There are 2 protein chains.
Amino acid sequence: MLAANTQTSNHVPGRAAAVIPIRPVQDSDAPRHGTARCSSCSMRSICMPPELSAEDLSKLDTIICSTRAVKRGDTLYRAGDSFKSIYAIRAGSFKTVVMHRDGREHVTGFEIAGETLGLDGVCAGQHNCDAIALEDSVVCIIPFAQLEIICREVKSMQHHIYRMMSGEIVRDSVQMMLLGTMSAEQRVATFLLNLSRRFKARGFSAAEFHLRMTREEIGCYLGMKLETVSRMFSKFQRGHLVHANGKTVRIVDPEGLANV
Amino acid sequence: MLAANTQTSNHVPGRAAAVIPIRPVQDSDAPRHGTARCSSCSMRSICMPPELSAEDLSKLDTIICSTRAVKRGDTLYRAGDSFKSIYAIRAGSFKTVVMHRDGREHVTGFEIAGETLGLDGVCAGQHNCDAIALEDSVVCIIPFAQLEIICREVKSMQHHIYRMMSGEIVRDSVQMMLLGTMSAEQRVATFLLNLSRRFKARGFSAAEFHLRMTREEIGCYLGMKLETVSRMFSKFQRGHLVHANGKTVRIVDPEGLANV
DNA sequence: CGAGCTCTTGAAGGGGTTCAAAATTAGTGG
DNA sequence: CCACTAATTTTGAACCCCTTCAAGAGCTCG
């Protein structure tokens, strides 16, 4: 058995046995892992502005000094947790889930390496959703109060944070359009092409990749039932647009997929 | 006849006659109207942080020095327009519309007095949606580059902008949940209660108000057809939850509406 | 290997759409 | 101020896409 929960001990002992999932205030941002260095990080070109000087980078290194490992299925943070940091995904992937008071869940996004998590928490000082690892993952912890200080000193960092947040707003509006106007077939096609594009931007294959989420999670993200997701995969397979074998997906005809 | 288009001349002459709606780069933020003053504005408590000093306010007054009137149906900005400013709605209301390449439209939001427009443009340096006035409206023009300078000097302003953007992200995730998981009936109920809450926060009646948008625009916002919106209004009327007479709405039973 | 998820596929049912037409409201010009 | 036209809203009826329910196959991980 793996040494679970040594690094991801944001679950208080005994929590799993509690009937009602209380959300205790946690000191979950204590360093859990080795040192992180933006100045030598391979993800920097993806998650930081390009025009930083060596001096700017060393400022960053003084605040982003720790990472945290999150095991598959564990939460990085939960809705209601007090907001202190944002997180850059160094390896792995996550889903973010909002829950309605009646228990209904909705997946608001899937995030992969090089993307950030937690900006929703700035508004109310507490997180608005659960962030759950889809596989064993590692994040860089970026204390937001200290980031704000750097942003007052380094203009390009300031602008970068504004752009990151604005980018999230733009992506959300695209997703609202998808949920509001597209057929199930178009939603799944758009989803696959979007993942493909993001993998490609990180140097992975745009054509073939491994889905880390279940059909149910995809459905919950796209506003449909898991059976419908499965039917659309099968339909694309019959139409020679996509070859899907369980969680391994190969996009055969991207043009065709974009035109469904 | 009113002196139309003297203040809202962001449409280049002859544009209406063009077959293809070209989007020219516009100098649309030249002052169009009298002077604005945050220091004496009645909306300040809604759109600015509360803890600003007199000195901070005078800094704001130096950059927010002009307003712009937008007539009903005219655009404040269009998707593709280069991004220079954000806008605080001083009076009136707007809808924001994103368009898919196939011509499909989706209304991403309705904004009323005290709310802001344009933050989606920071990301790519150009606006991502059209902002269209639902009635004759007035906005304060806030040049973003100058706002960034103030945010490096005034900590509370910096944090305020981060919170505004984060708030938009949170609202978007609520809307995605609505579009992804709720029935038509629940969507319309949620929409009415949301409007009610926002009117109340501005000192208007929470129970009775006037809708500035059509059933079609509501449907386009909520991911359903205008006929369905109309049927839900009728259903609420029969259930004595809402009294709707055209665009005048009176919420009779807010509790009941919240529990549909 | 085997228990429990996950995925696929079929068949029936329902919520929302589509099409159509009438009623009401808003806007315009005489 | 009223008549007239266009736009918006309401309501009905038929249809369809997606959901629901069910069962079996496949995969994964301890």
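The sequence lines fix the lettering, A, B, ..., with proteins before strands; numbering per chain opens at 1. The basis for the numbers below is simple: all heavy atoms, side chains too, and nothing from hydrogens, waters or symmetry mates. This structure is a prediction, so every number in the text was calculated from the model and none was measured.
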Strictly by modelled atom types, are [X] and [Y] linked by a side-chain donor-acceptor pair under 3.5 Å?
| X | Y | answer |
| --- | --- | --- |
| A:Arg78 | A:Gln126 | no |
| A:Thr108 | B:Ser173 | no |
| B:Gln175 | B:Arg187 | no |

- Message: Roughly what angle, to 10°, lies between the helix axis at the start of the helix from C:dC1-D:dG30 to C:dG30-D:dC1 and the one at its end, five pairs per end?
- Response: 60°

Provide, to the nearest angstrom, the distance between the [atom1] atom belonging to [X] and the [atom2] atom belonging to [N].
| X | N | atom1 | atom2 | answer |
| --- | --- | --- | --- | --- |
| A:Met232 | C:dC7 | CE | P | 16 Å |
| A:Glu185 | D:dT19 | CD | C1' | 17 Å |
| A:Glu227 | D:dA23 | CD | P | 14 Å |
| A:Met182 | D:dC17 | CE | C1' | 17 Å |
| B:Glu216 | C:dA26 | CD | P | 17 Å |
| B:Phe236 | D:dT10 | CZ | P | 13 Å |
| B:Lys225 | D:dT8 | NZ | P | 15 Å |
| A:Leu179 | D:dC18 | CG | C1' | 15 Å |

Would you say [N] has OP1 or OP2 under 4.0 Å from some side-chain N or O of [X]?
| X | N | answer |
| --- | --- | --- |
| A:Ser234 | C:dT9 | yes |
| A:Lys247 | D:dT28 | no |
| A:Arg231 | C:dT9 | no |

- Message: Of the options C:dT18, C:dT9, D:dT19, whose atoms approach the side-chain atoms of A:Ser230 most closely?
- Response: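 Ranking C:dT18, C:dT9, D:dT19 by closest atom to the A:Ser230 side chain puts C:dT9 first.
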
- Could you work out which one of D:dT20, D:dC18, D:dT9 sits closest to the side chain of B:Arg215? D:dT9

- Any pair counted as salt bridge (charged side-chain N to carboxylate O under 4.0 Å, His left out), so long as it reaches residues 206-218 of chain A, sequence neighbours left out: A:Lys95-A:Glu217, A:Glu135-A:Arg212

- Query: Are any of the side-chain nitrogens in A:Arg171 or A:Glu115 under 4.0 Å away from the carboxylate oxygens of its partner?
  - Reply: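 So A:Arg171 does not pair with A:Glu115 through a salt bridge.
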
- Looking at B:Asp136 and B:Lys71, does any basic side-chain N land under 4.0 Å from a carboxylate oxygen?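 A salt bridge links B:Asp136 with B:Lys71.
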
- Task: Tell me what B:Arg72 touches on the nucleic acid: a base, only sugar-phosphate, or nothing, going by heavy atoms under 4.0 Å.
- Result: sugar-phosphate

- So what does B:Thr214 touch, heavy atoms closer than 4.0 Å: a base, only the sugar-phosphate, or nothing? sugar-phosphate

- Task: Verify the ring-centre separation between B:Phe110 and B:Tyr221: is it less than 6.0 angstrom?
- Result: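 So the answer is yes for these two rings.
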
- Task: Please tell me which of A:Thr228 and A:Asn245 maps to the more 5' nucleotide of DNA chain D, matching each residue to the nucleotide holding its nearest heavy atom.
- Result: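 It is A:Thr228, whose closest nucleotide lies nearer the 5' terminus.
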
- Message: Please compare A:Ser183 and B:Phe233 by the position of their nearest nucleotide in DNA chain D and report the one closer to 5'.
- Response: B:Phe233

